[in-house]
Structures are given as C-alpha cells and as structure tokens.
Amino acid sequence: MNPVILVGAGGHARVLLDALELSGAKVIGLVDADASLARGDLMGYPVLGDDAVLERYAPGSVDLVNAIGSVDSMQRRKSVYEKLRRAGHVFASVVHPRATLSRHARIAAGVQVMAGAVVQPGASLGENTIVNTGANVDHDCRVGAHVHIAPGVTLSGNVQIGDETHVGAGATVIQGTRIGARCLIAAGSVVTGGVRDGASVKGLPAREFSR
Ligand code: JB3
C-alpha cells in the first residue's frame, strides 16, 4: 500500500484510521470539505485542507481511502469515489486485522471490512462497499458496489444486494433473498422476501414504506 490520504474527516474516518494504524499503513493525513477542519487534526493526523489538496499528489503516488460513510443514501460516498477515480486516483481496500475475511471471498477496489466483521467463502463485495463493525456476510453472498452493510447486520447464505443499497444496523436478511439497487433496509429489519430496486423496507417481516 502506498502512503494513504483519507477523504473525509468525520466518524467513519476514525474507525478507518484505527484499522490503518493496526495494519501498519503510512497515513499522510486527511482532506475534508469543511474548511473549518483544515490545519487541525484527527487522532493526531493532519487535516490537510479540502479535495483540491489532492491535485498536489500524482495519481498512483498515494492511495486514497474513502472515509465518507452513510446513514441512508450512498450518493455522496459514491460521487466522491467516482470523481476521484476519474481524476486517476486509486482507492485502497481496508481490512481491519481483527476482521475475518475468507481467502475464498472476492473483494473489489476500495472495499472496507471493519473490526469483528466476517466475510465467508464464495462471497463477493463490489467496489467502494463497507462491511461495518461486527457485520456478517455469509457464504456465496453477492454484494454490489457502493453498498453499506451497517454494524451488526446478518446476511445469511446466497443473499444478493444491489449497488448503492444501505442495509441498516442490526438488520437480518434470510438465505437466498435478493435485495435490489438503491434500497434502504431500515435498522433492525428482518428481510424474508425480495426487495425491488429503489424500495425502502422496515419491520419484522420487513414491509415497504415510503420515505
Ligand atoms: O454508524 C457508524 C458506525 N458510522 C457512521 C458512518 C457509517 O457514517 C457515522 O456514525 C456517521 O453517521 C457517518 O460517518 P461519516 O460519513 O464520517 O459522517 P460525518 O461524521 O458526518 O463526517 C462526514 C465528513 O465528510 C464531514 O466532515 C464532511 O465535511 C466530509 N465531507 C462531506 N463531503 C467531505 C465531502 N469531505 C471531502 N473530503 N469531500 C467531500 O466531498
């Protein structure tokens, strides 16, 4: 891994910094859109300024880490990722040393697997996807790009999750279920049937609701 710059200096950046430190990565600092954070620090790492600072670093000379999380929409995390990819930058994957990631699982660029998470054999994770603290992605699950599997989620075997979907904290998805793209699965839901693209569901069993 090249020296690293984190994009975003908020809550998600904190857990990423912890994982990067434990992995022995060299962290240069962070960039954040909020100018009031510039020239300050986060956990002792300098906030260098906003995204314009990245123009000083030749693509490939540093690795970026997308530290913009989500609580429902994945739009901001996705658009920042794609903007900087188009500029030629490379996003590193971050796997916390105390995550369990099967060598028979496939992860794409920019994937983040946090402390206590488990990713089982045959599972695949698309680019820029987060498997957050203590979440479980069981065997043969297919998770798309720009997805957030929030803390404590359980995906049973053979679950499919479409791009840009947010699966809320503590939700459970039973085996073989297909969840579409750009969906919101509310925290604590139990999903026992398919969810169509763009839908929001909540409850036990999960039912559609309008946002
Ligand atoms: O629930 C958990 C465990 N974590 C949540 C995470 C997944 O999502 C966390 O509690 C928060 O709800 C959220 O974390 P995040 O995205 O770090 O939220 P926040 O603390 O609001 O920090 C976002 C930071 O990104 C802010 O400082 C913004 O100024 C910054 N930001 C927004 N857009 C940006 C941009 N920074 C850069 N460099 N570029 C942008 O375009």
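Everything quoted here is computed from the prediction, not taken from an experiment. All ligand and atom numbering here is 1-based and tracks the order in the structure.
Among residue pairs with one or both ends in residues 89-103, none qualify as salt bridge (Lys or Arg N to Asp or Glu O under 4.0 Å); sequence neighbours excluded.
Residue Arg211 qualifies as enclosed at atom CZ: its count of foreign heavy atoms under 6.0 Å is above 12.
Of all the heavy atoms in His96 and Leu22, the pair that sits closest is NE2-CD1, 3.3 Å.
For Val80, the side-chain contact (heavy atoms from CB on, under 4.5 Å) partners two or more places apart in sequence, or in a different chain, are Val7, Ile68, Arg76, Leu84. The side chain to side chain donor-acceptor pair (under 3.5 Å) test applied to Tyr45 returns Glu21, not counting sequence neighbours.
The same ILVMFWY cluster, assembled from side-chain heavy atoms under 4.5 Å apart, contains both Leu6 and Met1.
Contacts of ligand 1 (protein heavy-atom distance under 4.0 Å) are Val7, Gly8, Gly10, Gly11, His12, Val31, Asp32, Ala33, Asp34, Leu37, Asp51, Ala67, Ile68, Gly69, Ser70, Val71, Arg76, Val80, Asn132, His148, Pro151.
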